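So you know, we letter chains A, B, ... as the sequences are listed, proteins then strands, and number each from 1. Since we're looking at a predicted model, the values are computed, not measured.
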Amino acid sequence: MAVKFTNAEIARLFRQVAAVYTIQNVNRFRIIAYEKAADAIETSNLEIRDLWQDKRLSEIQGIGAVISGHLEQLFTSGKVREYEELFKAVPEGMLTLLDVSGFGPKKAYRLAVEFNLNDAGNAIDKLLKAARGDKIAPLEGFGAKSQADIIEALERFKLGQNKKKRMPLPVADATAKQLVAYLKKFEEAVQVEPLGSLRRKVSTIGDVDLAVATDKPQKVLEYFLKYPKKDKIIEIGPSGASLILGNGQHADLRVQKPRSFGAMLQYFTGSKQHNIHLREYALKKGLSLSEYGIKILKKSDKKQKLIEFPREEDFYKYLGLPWIPPELREDLGEIEAAINNRLPELVKLTDIKGEVHVHSNYNLEPSHDLGQNPLGEMVDKAQSLGYEYLGLSEHNPSVSKHTEKEVIAIMKRRKQDYEQIMLSKKNVRVKLFIMLEVDILPDGKLALPEKAFEFVDAVVVSVHTSFQMPKKEMTERVLAAFSHPKAKILAHPSGRLIGKREGYEIDWQRIFDFAKNHDKAIEINAHPSRLDLVDVLVKRAIENGNKLIIDTDSHDRESMDLMEYGISVARRGWAEKKDILNTMSYNKFKSWLIS
DNA sequence: GCCGTTTTCGGCCCGACTGTTTTCAGTCG
């Protein structure tokens, strides 16, 4: 029996371990190791528990033999003996205080001991009471201001304002694009770039962070503060400012002189792990990196000259590396690849020649939602995007509301109607694939009678019900459905909905192997709330030799523009053009799809 | 405790900010 722990819970545990070690003054690099492991786990796009089950823990940078052993204990028994022992050395309340912002190991320990916070449950309240009773300010190392800060932090913590929700990339990106357009209108803004997770195109974004290169930082900041969609100003300093926008999102701007913009861009793009690894690499070359540039370290010479970089490319070049695309900067092997000149040539939006998972409003009487636009309008949109082909994959007719005969009749009628519409359209270069999105039923059967397959070129298959199934059953279920000769694509393969629903449990290796051996594709679904398959699994699938396809799952024609976010996921998964099937021209794609 | 352009031993990122301080410790990203 395996015990469930989320990545966040495990990261928290490791930070607690690091904090107690800090108090005990053990080798500080052991402490750093635990903090590093916590960071890596927190930012992992895969559940650590799944990796443990698949014996893939060693793939996470920062988890070695010892911590692997501890995780083994944690997942099998629910606790780690060594940590239980360790935690006995401190008052229980210290561990609770670590969750409050502004509290590190020293402050948490000091106050937990001072006020006997021996119970995790009431530590916050007890400390709050002491602070309000003016008991903290007189302590050595504290004062009136820090006491006031503590009260504020504890109150905020109690209100649950500690954690902010992250939004899907396309939501943040829409905001960013408007803001970038606004900033670019200002002539003193020489260059405008997104920063952080937004620039790396991570699937979920916290704040919208942007940077401007300018010789007039103050003027740019003033202009930024006049942004019409701002709700209120949070802070303003010489190097940046923060706003809350009308939609509740936070927007941060940093300003920098053009001559050192490259180093700043590199630093604030991250990821943190990428930067740490890069600095370690640089250090071995006698170079020290920072957001301001690169310093050459010499033992004899104490004066270290700073070399500045207007362009990020030159920053990497100085380190002897090719420029690394931001999407790869997650410390998942990109630095080693750069050193060996083996960076992938990432797939681009302009490589896409079509897609096959969009929904029209043709009434198939399905049990799920219809699209909003007729076939003709979807085809026109595909043509405007420069596509060579489009596959219509509406949901299958409801099986509970129709007899088999009725379903077959509906499918036959649709095929005739679609062919008629395409014949009647003028000046259409886009070729049509008549497809369908077919439910994978809980028993592994497809929700379409066998005779109805005659009226489709191929189908995408997907799970829309019964998500809570044991891993093995779910895997068997999906494989059974996927093995139908016309089932060529497994759509939104994990079933996750960002911020709403975790993906179901499934044995990815078996799915990937099956797809590879039977010449089938795994979908990267570009829908804003899905972005599924996730980037790390895209990388694993590609390493496994799988072919992928990027679809928007559009239910209206405008959504077909969201292809770029599927591309982002693919690029984060190290996908090249050859890995993505819908970069193929019509004839090649057709011979794969209909085979 | 982790990890490997050379290294399975001997290293381990960098700077800003804040508050309580006469030169620094703690926290954060």
Whole-Å distance separating the CZ atom of Arg28(A) from the C1' atom of dC2(B): 15 Å
Sequence-aligned protein contact record of nucleotides 24-29 of chain B, with B where the base is within under 4.0 Å of a protein heavy atom and S where only the sugar-phosphate is: --SSSB
Interatomic distance where CG belongs to Leu306(A) and C1' belongs to dG15(B) [whole Å]: 12 Å
Selection from dC3(B), dT20(B), dT5(B) that lies nearest to any side-chain heavy atom of Ser146(A): dT20(B)
Integer angstrom distance from the C1' of dT21(B) to that of dG26(B): 13 Å
Length of the CD1-C1' vector between Ile136(A) and dG19(B), whole Å: 14 Å
Side-chain ion pair, Arg132(A) and Glu155(A), N-O less than 4.0 Å: yes
C1'-based separation of dT7(B) from dC2(B) [nearest Å]: 14 Å
Atom-to-atom span, CG of Asn275(A) to C1' of dC12(B) - whole angstrom: 16 Å
Tabulate below the donor-acceptor pairs under 3.5 Å that side-chain atoms of residues 79-86 of chain A make, not counting sequence neighbours, or state none.
from: Glu82(A); atom 1: OE1; to: Gln73(A); atom 2: NE2; distance (Å): 3.0
from: Tyr83(A); atom 1: OH; to: Tyr34(A); atom 2: OH; distance (Å): 3.3
from: Tyr83(A); atom 1: OH; to: His70(A); atom 2: ND1; distance (Å): 2.7
from: Glu85(A); atom 1: OE2; to: Lys88(A); atom 2: NZ; distance (Å): 3.0

Atom-pair distance (CG on Leu278(A); C1' on dT5(B)), nearest Å: 14 Å
Lys219(A), NZ: over 12 other non-hydrogen atoms inside 6.0 angstrom: no
Of residues 30-50 of chain A, the positions that come close to DNA chain B - non-hydrogen atoms, cut-off under 4.0 Å: Arg30(A), Ala33(A), Tyr34(A)
Partner residues of Phe103(A) under the ring pair (Phe, Tyr, Trp, His ring centres under 6.0 Å) criterion, sequence neighbours left out: none
Separation of the P atoms in dT20(B) and dA25(B), to the nearest angstrom: 16 Å
Contacts of type side chain to side chain donor-acceptor pair (under 3.5 Å), residue Arg30(A), not counting sequence neighbours: Tyr21(A)
Qualifying residues under side-chain contact (heavy atoms from CB on, under 4.5 Å), relative to Glu152(A), sequence neighbours excluded: Arg156(A)
Sugar-phosphate, base or nothing in reach of Ala144(A), heavy atoms under 4.0 Å: sugar-phosphate
salt_bridge(Arg200(A), Glu330(A)) N-O dist < 4.0 Å: yes
dT5(B) to dC12(B) separation - P atoms, rounded to the nearest Å: 16 Å
Length of the CG-P vector between Leu86(A) and dG1(B), whole Å: 10 Å
Test item: side-chain donor near acceptor, Asp331(A) and His277(A), under 3.5 Å: yes
So which protein nitrogen or oxygen atoms get under 3.5 Å of nucleotides 16-18 of chain B's nitrogens or oxygens?
from: dA16(B); atom 1: OP1; to: Tyr292(A); atom 2: OH; distance (Å): 3.1

Whole-angstrom distance between dG29(B) and dT22(B), as gauged at atom P: 27 Å
Nearest-Å distance once atom C1' is located in both dT8(B) and dG1(B): 15 Å
Euclidean distance for P, dT23(B) against dC28(B) (whole angstrom): 26 Å
Atom-pair distance (CG on Leu287(A); C1' on dC14(B)), nearest Å: 14 Å
Sequence-distant partners of Lys272(A), side chain to side chain donor-acceptor pair (under 3.5 Å), two or more places apart: Asp39(A)
Between Phe186(A) and Phe224(A), ring centroids under 6.0 Å: no
Those residues that, when tested against Ala172(A), pass side-chain contact (heavy atoms from CB on, under 4.5 Å) (two or more places apart): Met167(A), Leu198(A), Ile205(A), Val208(A)
Pairwise 5' ranking along DNA chain B for Ile339(A) and Phe142(A), keeping only the more 5' one: Ile339(A)
Sugar-phosphate, base or nothing in reach of Glu336(A), heavy atoms under 4.0 Å: nothing
Residues which pass side-chain contact (heavy atoms from CB on, under 4.5 Å) with Val192(A), listed by chain and number, not counting sequence neighbours: Val180(A), Leu183(A), Lys184(A), Ala189(A), Val212(A)
Spacing between Glu140(A) atom CD and dT20(B) atom P, to the nearest angstrom: 13 Å
Sequence-distant partners of Asp252(A), side chain to side chain donor-acceptor pair (under 3.5 Å), two or more places apart: Ser242(A)
Asp535(A) bridged to Lys539(A) by N-O distance under 4.0 Å: no
Output a table of nitrogen or oxygen pairs between the protein and nucleotides 6-11 of chain B separated by less than 3.5 Å.
none

Strand partner of dT8(B), provided both Watson-Crick or wobble distances fall under 3.5 Å: none
Asn340(A) (side chain) donor-acceptor with Glu336(A) (main chain) under 3.5 angstrom: yes
